[in-house]
Amino acid sequence: MAASEMDIVSELESRQLVSQLAGGDELRAHLAGGSRTVYCGFDPTADSLHVGSMVPLLTLKRFQQAGHKPIALVGGATGLIGDPSFKSAERQLNSTDIVADWVERLKPQLSQFLDFDCGVNSAVLANNLDWTQGVDMLDFLRDVGKHFSVNAMIQKESVRQRIDREGEGISFTEFSYMLLQSFDFAELSQRYDCSVQIGGSDQWGNITGGIDLARRMYGKQVYGLTTPLVTKADGSKFGKTETGTVWISPQLTSPYAFYQFWLNVADADVYTYLRFFTFLPPTRIDEIEASDKASGARPEAQGILAGEVTELVHGKPGLEAAQRISRALFSGAIDSLTATDLEQLALDGLPSTEFEGGGLSIVEALVRSGLAKSNKMAREFIGNNAVSVNGEVVNSNDFELSGANALEGKYFVLKRGKKLFHLGRLSQ
RNA sequence: GGAGGGGUUCCCGAGUGGCCAAAGGGAUCAGACUGUAAAUCUGACGCGCAAGCUUCGGUGGUUCGAAUCCACCCCCCUCCA
């Protein structure tokens with residue numbers, strides 16, 4: 001490995017990807033001194049990762065590219081408990097079956113970003129349930145619990161609002177979460193000689209807990225690094241769209257919707273996101289930013305970002321499908337699409353609905369397609385000129401969809417608002 | 001187990017017998033302006049075309065009338081044991 005490749009901390013800093021360092025210069029020297037083993041944990045809180053999980057996950061990949069060995073840990077055990085860090089309320093426990101199922105779904109998602117066949121620094125996929133479920137409770141309390149001071153734990157910022165805030169509390173279950181994650185780090189330091197843990201900055205308390213535990217249990221010096229939480233300049237929550245969370249899974253968020261999400265990133269955020277979510281060199285990103293600023297026209301950054309991230313997550317075919325739909329729908333020439341084009345859009349992931357029987361009213365079509373939640377909302381959208389069918393604005397509640405005004409005798413491209421499209425098909 | 005404080009529409013949070021489908025803020029959605037940005041302004045924001053209907057932890061009462069009063073139950077928080 002070239003020496004330049006090894007200076008991963010500086011590389012991450014140039015991308016503004018370092019929030020906190022546990023170990024500072026010592027950690028830099030440690031990473032510069034050879035190929036190290038680095039881990040990051042992902043708890044199964046749903047049946048897919050979402051875009052927010054991508055920052056630490058891609059950071060893990062960056063470590064691997066720099067010659068280090070990544071461990072992607074899926075929290076089969078910790079997912080049963082629930083991390084209280086910066087959560088405002090106690091959460092509902094999920095059943096063991098559900099968590100086990102989610103673990104299985106997360107595994108391939110974690111794996112797709114890492115290289116498992118590149119020699120000494122091949123990635124490892126681990127599950128903390130493997131070393132947690134057999135541990136005897138009394139042993140755990142004696143060997144692990146004894147190293148933690150409750151006085152110190154309740155001082156952690158991550159649980160502060162649960163303890164200080166009137167009306168909220170924290171169960172012993174969630175409070176013990178830190179012990180489990182700390183135990184993971186100590187265990188990985190033994191099993192894999194893992195010496196670095198990374199995570200989002202909300203994981204700082206859990207990471208430092210692990211560093212202390214590894215030292216106390218095994219006399220091992222280990223380190224930590226956190227990445228910033230992804231924020232949005234306007235203060236709203238990152239990773240949500242009008243249709244909900246943006247997931248990695250193509251079943252939950254189509255490549256088209258995924259692509260659109262990135263295409264719609266605000267100017268104020270897009271260059272930061274290029275640094276966080278792509279592997280383009282920082283110098284290249286600076287160039288893009290400079291050229292966008294100079295042009296005064298619509299920035300190119302969003303298109304580049306959407307292209308890079310969509311390809312990374314959904315591959316070339318996914319990206320191409322997303323771009324096909326985007327071009328077709330936003331070009332304004334909807335009425336020139338052929339039946340083949342329209343069927344392809346449905347295959348590419350444009351949401352679609354079969355409309356049985358003959359003609360139906362626009363109001364009903366909006367509700368059945370999910371573009372409006374209720375008849376009332378549908379009428380309101382129509383009243384606001386927010387609805388169009390096959391490119392033509394609909395301005396009457398009495399508008400009917402029928403073979404006569406369909407594209408190719410059976411297709412309708414329904415649009416609500418500026419960006420939400422749906423394909424309707426009449427079936428006889 | 002004891003004492004006290006709470007549970008209101010997506011979230012926060014007012015409301016303590018009719019003027020309450022329920023203030024205010026946030027989030028969200030639509031329109032205008034734009035670049036499928038941001039900011040700003042306007043409008044919507046339980047369901048229903050409407051008459052009206054269903055909501056304020058649950059169940060049952062009191063009352064002409066309840067989110068508001070009473071009883072019991074469930075859940076949460078604080079302090080004490």
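Heavy-atom basis, side chains included; hydrogens, waters and symmetry copies ignored.
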Nearest-nucleotide pick for [X], side chain only, options being [options]:
| X | options | value |
| --- | --- | --- |
| Asn384(A) | G35(B), A30(B), G43(B) | A30(B) |
| Arg416(A) | U36(B), G48(B), C29(B) | C29(B) |
| Arg379(A) | A30(B), C49(B), A44(B) | C49(B) |

[X] near the nucleic acid: base, sugar-phosphate alone, or nothing, with a heavy-atom cut-off under 4.0 Å?
| X | result |
| --- | --- |
| Asp234(A) | sugar-phosphate |
| Ala266(A) | sugar-phosphate |
| Asp267(A) | base |
| Glu90(A) | nothing |
| Val270(A) | nothing |
| Phe381(A) | sugar-phosphate |
| Asn397(A) | nothing |

Is there a side-chain polar atom (N or O) of [X] under 4.0 Å from OP1 or OP2 of [N]?
| X | N | answer |
| --- | --- | --- |
| Lys419(A) | A37(B) | yes |
| Arg298(A) | U36(B) | yes |
| Ser326(A) | U36(B) | no |
| Lys418(A) | A37(B) | no |

message: So for Gln260(A) and U36(B), does any side-chain atom that can act as donor or acceptor lie under 3.5 Å from a complementary atom in the base?
response: yes
task: With a 3.5 angstrom cut-off on both distances, give the Watson-Crick or G-U wobble partner of G1(B), or none if there isn't one.
output: C80(B)
- prompt: A71(B) pairs with which nucleotide, Watson-Crick or G-U wobble, both distances below 3.5 Å?
  reply: U59(B)
message: I want to check a possible cation-pi pair here: Lys61(A) against Phe279(A), using under 6.0 Å from ring centre and within 45° of the ring axis as the test.
response: yes
- request: Classify the ring geometry between Tyr273(A) and Trp262(A) as parallel (under 30°), tilted (30 to 60°) or perpendicular (over 60°).
  value: perpendicular
query: For Asn385(A) and G43(B), what is the distance between atoms CG and P respectively, to the nearest whole Å?
result: 17 Å
task: Take atom NZ of Lys373(A) and atom P of C29(B), then tell me their distance rounded to the nearest Å.
output: 11 Å
Rounding to an integer number of angstrom, what distance separates [N] and [M] when you compare their [atom1] atoms?
| N | M | atom1 | result |
| --- | --- | --- | --- |
| G13(B) | C19(B) | P | 25 Å |
| U54(B) | A66(B) | C1' | 16 Å |
| G48(B) | G2(B) | P | 48 Å |
| G60(B) | A21(B) | C1' | 24 Å |

message: Main chain of Val265(A), side chain of Gln302(A): is a donor-acceptor contact present, judged purely on distance under 3.5 Å?
response: yes
